[in-house]
Each structure stands twice: as structure tokens, then as C-alpha cells.
Amino acid sequence: SVSEIPGSTNRTAVGFDERLLSHYEVEAKSHPHPERPDRLRAIVASLTTAGILPGKCKPIAAREITHEELLKVHSLAHVEAVELTDQEVSSYFTPDTYANQHSAQAARLAAGLCADLASEIYCGQAKNGFSLIRPPGHHAGIHRAMGFCLHNNAAIAAQAAQAAGAKKVLIVDWDVHHGNGTQEIFEGSTTVLYISLHRFESGRFYPGTGAADEVGTKGAEGYCVNVPWSCGGVGDNDYIFAFQYVVLPIALEFAPDFIIISAGFDAARGDPLGCCDVTPSGYAHMTQMLSTVAGGKMLVILEGGYNLRSISSSATAVIKVLLGESTECPIECVGPSRAGMRTVVEVLKIQSKYWQSLTPNLTKLQSIWEAYLLQHQKPEKKKRSRKAVPIWWMCGRKRLFYHALFQRQLRLRHYWGS
């Protein structure tokens with residue numbers, strides 16, 4: 001068996017199966033669907049070129065997730081709706097979430113890989129792991145498929161880790177879109193902490209959820225942490241800043257037994273949907289920071305990412321960190337953007353009610369933010385005083401100009417009621 005490979009307990013496990021490529025949009029359109037099989041092909045090609053696959057990683061054989069395992073996360077109606085797609089050549093859950101007759105099997109294989117990787121890593125049969133799967137999962141909620149997602153792979157992996165003995169699981173979601181499905185599944189749980197960094201823009205960016213004040217429900221307030229960027233173009237410095245002041249302090253205070261990264265690479269530079277600016281070094285740096293928590297027991301699960309060059313280079317950078325090959329992750333030492341600082345301060349104000357470790361960070365950043373606002377305060381424009389017209393103009397050569405100007409001033413006074 002795979003787990004009997006010598007030294008496999010110290011290796012990075014990777015889950016992939018060719019059958020995941022059979023999920024594709026059948027209906028021909030003018031532009032190919034962004035969530036297409038080429039995404040996985042590009043990553044596998046990059047890892048092969050780098051000499052990472054097949055030799056340096058421990059392969060995990062895929063199995064289809066069981067009906068019972070799916071029901072721990074999704075409703076029966078949802079599971080049956082996905083299964084019914086194998087009877088249709090082409091079908092749609094939403095206008096952008098397609099399925100074909102092979103999609104249900106691909107979704108079961110993706111979920112099964114994530115569950116088995118989580119169990120193997122938590123039980124010490126692998127050091128850490130990367131799940132190269134599709135369809136993605138973090139938009140899939142309890143009752144519905146949406147946003148290219150059929151089953152919630154990260155939620156299924158969290159349940160599998162807990163079934164293997166993990167008491168507390170941390171899910172960090174750096175996909176550019178909020179993982180509304182993952183939040184819905186765990187918003188009432190105190191054993192699974194969900195942290196998401198995503199574009200929000202007051203709810204105008206898909207899926208419109210993930211405001212900073214969405215903190216969890218039913219006694220689990222504080223176990224949902226949303227870092228909602230207010231604009232596009234967010235890059236390494238804002239993400240690393242949020243990790244330093246929000247993500248890592250909360251993670252250390254929560255002290256999880258297992259970490260899952262919902263690794264969408266659509267915040268990467270060049271992505272057509274995310275329009276942000278995170279580099280492979282940025283993703284590597286965030287992975288390195290999280291590897292200091294939970295004894296390094298970490299599973300990275302592929303979510304979004306639609307620029308083939310960006311997704312392959314970013315995934316390769318992350319796997320190099322998992323392998324221990326990339327300890328140096330150079331990031332230019334520049335502070336956050338003004339918008340990034342504002343977002344982090346807003347999150348700290350809300351989440352410091354639930355996490356004591358954030359209080360000193362809030363105090364520090366509030367003083368910096370207030371000093372910044374004072375320094376960059378725009379000076380008030382001085383009102384130009386209207387000079388009095390010389391009285392002698394009314395009799396000389398400028399009398400016409402005097403009367404025209406005087407009448408205009410009278411009209412203005414009448415208009416403003418003064």
C-alpha cells in the first residue's frame with residue numbers, strides 16, 4: 001500500500017486522479033469556462049518540470065467519498081441533486097455552475113481524496129499534503145451547489161480530520177472569493193474556526209457575503225473571521241500584513257490540531273476574475289507562516305485560480321514550502337496599502353471582542369492609523385474673499401461693468417437668501 005513506502009511519514013502527500021479531468025462544460029460557448037481541466041493539467045506539468053512529481057511526494061490513491069460521509073456536511077437533497085447529473089449529458093445548477101455525466105463521480109473523487117489526505121496527515125502517515133482536485137468546493141453550502149462548486153471539499157476534510165481524532169480544526173481560505181458555503185456549514189461550530197481573506201467591496205463582489213461583522217452564530221461568535229478587502233489590486237504586502245496582525249495571532253490562540261488551507265489562486269497576479277496582485281512568493285510566505293501552527297499538520301486544497309501560468313507557479317511555490325525546499329520567501333518590506341490598513345483595523349475592532357491576542361495589535365494599529373490620517377489630512381481650502389468694487393467705477397468708463405457686477409451680486413444674495 002501507499003502508506004508502506006519507506007520514509008512516507010516524513011513526506012508530503014499529493015492527491016490527484018486523471019478522472020478529475022472528466023468534469024468539463026459540454027456546451028460550446030464563445031469563451032471557455034474558467035473552471036476547466038487545463039487548470040489541473042497546468043499544475044501537474046509545472047510540478048513535473050520542477051522534479052516534484054512523481055518522485056518527491058507521496059501519492060494518494062483516489063477513492064469516491066461515501067454517501068454517509070457527504071451527509072455529514074450536505075443535505076440529502078443536495079447530495080441527490082449532484083448524483084442525478086450522471087443521467088444528463090449536460091446540466092447546470094446555476095448559470096455558471098455546470099455538470100456533465102461524469103461530474104458527480106469527479107466530485108466524489110475530489111471529496112474522497114481530501115478526506116483521506118486529512119486522515120493520513122493527522123494520523124502521522126504523511127507530513128503534510130496538497131489536494132490537486134476539481135471541481136472546487138468552498139461555495140457549496142449545506143443545500144446547494146454554486147460558484148463552480150459541487151461538494152465542499154474543505155468541510156469534508158475537516159470532518160475527516162475530526163473523525164480521525166482532531167479536536168480543533170482551522171480553515172484558512174485565501175481564495176479571492178468568500179467561501180460562503182464553508183462559512184454556512186461551520187458558522188455555529190466552536191471546533192472549526194474559519195478565516196477568510198477575500199474581495200468584498202460592500203457586498204458587490206461575488207458571492208456578496210463575508211462582511212467583517214459576520215462572526216458566527218449560536219454561541220460560536222468569533223469562530224468566523226472575515227478579512228474583506230474593499231477593492232481590487234490587493235497584493236503580497238496587504239495579505240502578509242493581515243496574516244501578521246489577524247490570522248496568525250488568532251490561529252495561535254485557537255491552537256488547532258489540524259490546518260486546512262482553501263487555496264484558491266485567483267488573487268494571484270494576472271488572474272482574470274480576481275484582479276489582485278499576490279505573487280508565488282506571497283503564497284509561499286503565507287504557507288510558511290501557517291506551517292508554524294498545529295505542528296505543521298496541514299492540508300492545502302485547491303479551490304479557484306483561472307490564469308494557467310499564475311495557478312501553476314503559485315501551487316508549485318506552495319508545494320515547495322510543504323516539502324521544506326523553500327524556507328526563504330523574499331517579500332519586499334513595504335507597509336500595507338491605505339485600504340488594506342483600514343480593513344485590518346476594522347477587523348481587529350470586531351474580532352478583539354473574541355480573541356484577547358488581538359487587543360495589543362488593535363491598540364498599536366489604531367495609533368498608527370490615526371497618525372497616518374492626521375499626516376495625510378487634506379488642508380481646508382480657504383474661501384476667496386470677494387473684493388469690494390470701487391465706488392467711482394459707477395461714474396467712469398467702467399460704469400457698465402460696475403452695474404453688471406453689482407446686479408450679479410444682488411442676484412446671488414437673493415438666490416442664497418442672504
Side-chain angles (χ1 to χ4, degrees), residues 68-79 81 111 114-115 118 122 137-147 149 151-175 177-198 200 202-203 206-228 242 246-247 249-262 293-294 301 303 343 346-359 362:
E68 291 71 29
E69 287 172 296
L70 285 173
L71 290 176
K72 291 178 182 177
V73 168
H74 296 294
S75 67
L76 178 61
H78 169 86
V79 173
C114 291
Y122 180 74
H138 73 152
H139 292 307
I142 297 170
H143 305 288
R144 63 182 300 209
M146 62 178 286
C149 302
H151 295 319
N152 197 305
N153 303 308
I156 289 162
Q159 291 284 3
Q162 290 189 313
K167 290 179 179 157
K168 294 189 285 184
V169 177
L170 167 64
I171 301 175
V172 176
D173 187 339
W174 67 43
D175 190 283
H177 303 97
H178 179 243
N180 56 302
T182 310
Q183 177 170 298
E184 179 196 13
I185 291 164
F186 293 118
E187 65 185 352
S189 171
T190 58
T191 60
V192 178
L193 168 62
Y194 178 66
I195 304 179
S196 176
L197 304 94
H198 52 271
F200 179 63
S202 302
Y206 186 88
T209 55
D213 58 4
E214 294 174 26
V215 297
T217 60
K218 302 172 186 174
E221 289 79 6
Y223 289 86
C224 282
V225 180
N226 286 302
V227 181
V246 178
V247 178
I250 291 177
L252 291 168
E253 186 174 343
F254 179 60
D257 306 303
F258 192 72
I259 297 176
I260 295 167
I261 300 178
S262 271
V293 185
I301 299 175
E303 297 284 359
T343 296
E346 178 193 1
V347 173
L348 288 173
K349 284 179 182 176
I350 292 167
Q351 291 291 340
S352 59
K353 300 170 193 171
Y354 312 109
W355 302 99
Q356 293 181 354
S357 57
L358 298 183
T359 303
L362 175 61

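Looking at W355, its side chain does come within 3.5 Å of a backbone N or O of G222 through a donor-acceptor pair. With hydrogens and angles disregarded, no donor-acceptor distance shorter than 3.5 Å links the side chain of Q159 to the backbone of E69. Checking side-chain atoms of Y194 against main-chain N and O of G179 turns up a donor-acceptor pair under 3.5 Å. Within the 3.5 Å criterion, the main-chain N or O of H178 finds a donor-acceptor partner in the side chain of H139. Using a distance-only test at 3.5 Å, with no hydrogens or angles considered, a donor-acceptor pair links the side chain of E221 to the main chain of G219. Here the side chain of N226 pairs no donor or acceptor atom with the backbone of P228 at under 3.5 angstrom. Within the 3.5 Å criterion, the main-chain N or O of G147 finds a donor-acceptor partner in the side chain of Y206. Not a single donor-acceptor pair under 3.5 Å links the side chain of H143 to the backbone N or O of H74. Within the 3.5 Å criterion, the main-chain N or O of C224 finds no donor-acceptor partner in the side chain of Q183. For N153 (side chain) and C114 (main-chain N/O), no donor-acceptor pair under 3.5 Å exists by modelled atom type.
Between the side chains of D173 and T182, no donor-acceptor pair of N or O atoms lies under 3.5 Å.
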Go through the steps to decide whether L197 and V247 satisfy the test side chain to side chain contact (heavy atoms under 4.5 Å, CB included), and finish with yes or no. CA-CA 9 Å; L197 304 94; V247 178; 4.2 Å; yes
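Taken to the nearest 0.5 Å, the CD1 atom of I185 stands 8.5 Å off from the CD1 atom of I171. Annotation: the span from F186 atom CZ to N152 atom CG amounts to 7.0 Å, rounded to 0.5 Å. Between the CD1 atom of I195 and the CD1 atom of I261 there is a distance of 11.0 Å, given to the nearest 0.5 Å. Expressed to the nearest 0.5 Å, how far CG of D175 lies from NE2 of H198 amounts to 10.5 Å. With values rounded to the nearest 0.5 angstrom, S75 atom OG is found 12.0 Å from R144 atom CZ. Put simply, CZ on F254 and CD1 on I259 are 10.0 Å apart, with the number rounded to the nearest 0.5 Å.
Sorted by first and then second residue, the side-chain hydrogen bond (donor to acceptor under 3.5 Å, both in side chains) pairs with a member in residues 162-171 read Q162-T191; sequence neighbours excluded.
Residues passing the ring pair (Phe, Tyr, Trp, His ring centres under 6.0 Å) test with H138, sequence neighbours excluded: none. Under the side-chain contact (heavy atoms from CB on, under 4.5 Å) criterion, F258 pairs with A118, I121, Y122, A161, A166, V169, I260, K297, L299, sequence neighbours left out.
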